[in-house]
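All ligand and atom numbering here is 1-based and tracks the order in the structure.
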Amino acid sequence: MFSGGQDSTTCLFWAIRNFKEVHTITFTYGQKHSAEVDMAREIAGMAGVDFHLVDIGRIASIGRNSLTDSSIAMDQEKPADSCPNTFVPGRNLFFISIAAVYGREMGIYDIVTGVSQTDFSGYPDCRDSFIRSLNVTLNLAMDEQFVLHTPLMWIDKAQTWELADRLGVLDLVREKTLTCYNGIPGDGCGHCPACKLRNEGLKKYLDSKKNQNGQD
Ligand code: ZN
């Protein structure tokens, strides 16, 4: 499952390292920034994998959220008692379910998603308990044996950069992916919550690498 962001791009190269054949599936759901789809297509081309785009219309934006509704100002921080309004209710439920249906058609039962509980920005559908629950539900729904892989579940953003580096794609992820909520590729706008998380993680990783090299 591939959005063209840092996490799923790192997962794409993790999948290429771990599986003989990899297909990507990307969703449009009325998100404000369609640039990420173009970037996803470009990265898939560079990686030499099949790119499959699925338009799920506005199904994932029925619930009001600031990623699909321009009239809502984006939460800059997680409110104490609720999800930030960048949460698209049901998004991962829809996406993973559709990926499983597509996978079944293609004879693919290993599905990789870049969700992470460690840095999760208050999104319940990024938690391990949800993924495990959905895995069981998908198997029951289609009488198949899907395996949902979550290589980033227990690692933070700095470790995600480290993983990209180990996979030999740190520069590619840094320059070619789009994580920014304001739609600016690479290092992004620098001040939205997604940029802060991404850039702080990168700084932490590069600093620790520098210290490591200094000691050698
Ligand atoms: Zn940003």
>> To the closest 0.5 Å, what do you measure between CG (Asp143) and CZ (Arg104)?
In response: 9.0 Å
> Between His52 and Tyr102, what is the ring plane arrangement, given parallel below 30°, perpendicular above 60°, and tilted in between?
Replying inline: parallel
> Lys157 versus Asp7: any side-chain heavy-atom pair under 4.5 Å?
Replying inline: yes
Pairs under 3.5 angstrom only: tabulate donor-acceptor contacts from the side chains of residues 160-173 to other protein residues two or more places apart or in another chain.
| unit_1 | atom_1 | unit_2 | atom_2 | d |
| --- | --- | --- | --- | --- |
| Thr160 | OG1 | Asp156 | O | 2.9 |
| Trp161 | NE1 | Arg198 | O | 3.2 |
| Asp165 | OD2 | Tyr205 | OH | 2.5 |
| Asp165 | OD2 | Lys209 | NZ | 2.8 |

> What's the shortest heavy-atom distance between Gln6 and Thr179, and which atoms?
Replying inline: N-OG1, 3.3 Å
>> For a distance under 2.8 Å, give residue and atom name for each protein N, O or S atom next to the Zn ion (ligand 1).
In response: Cys180 SG, Cys189 SG, Cys192 SG, Cys195 SG
> From Leu202 CG over to Leu197 CG, what is the distance, rounded to the nearest 0.5 angstrom?
Replying inline: 11.5 Å
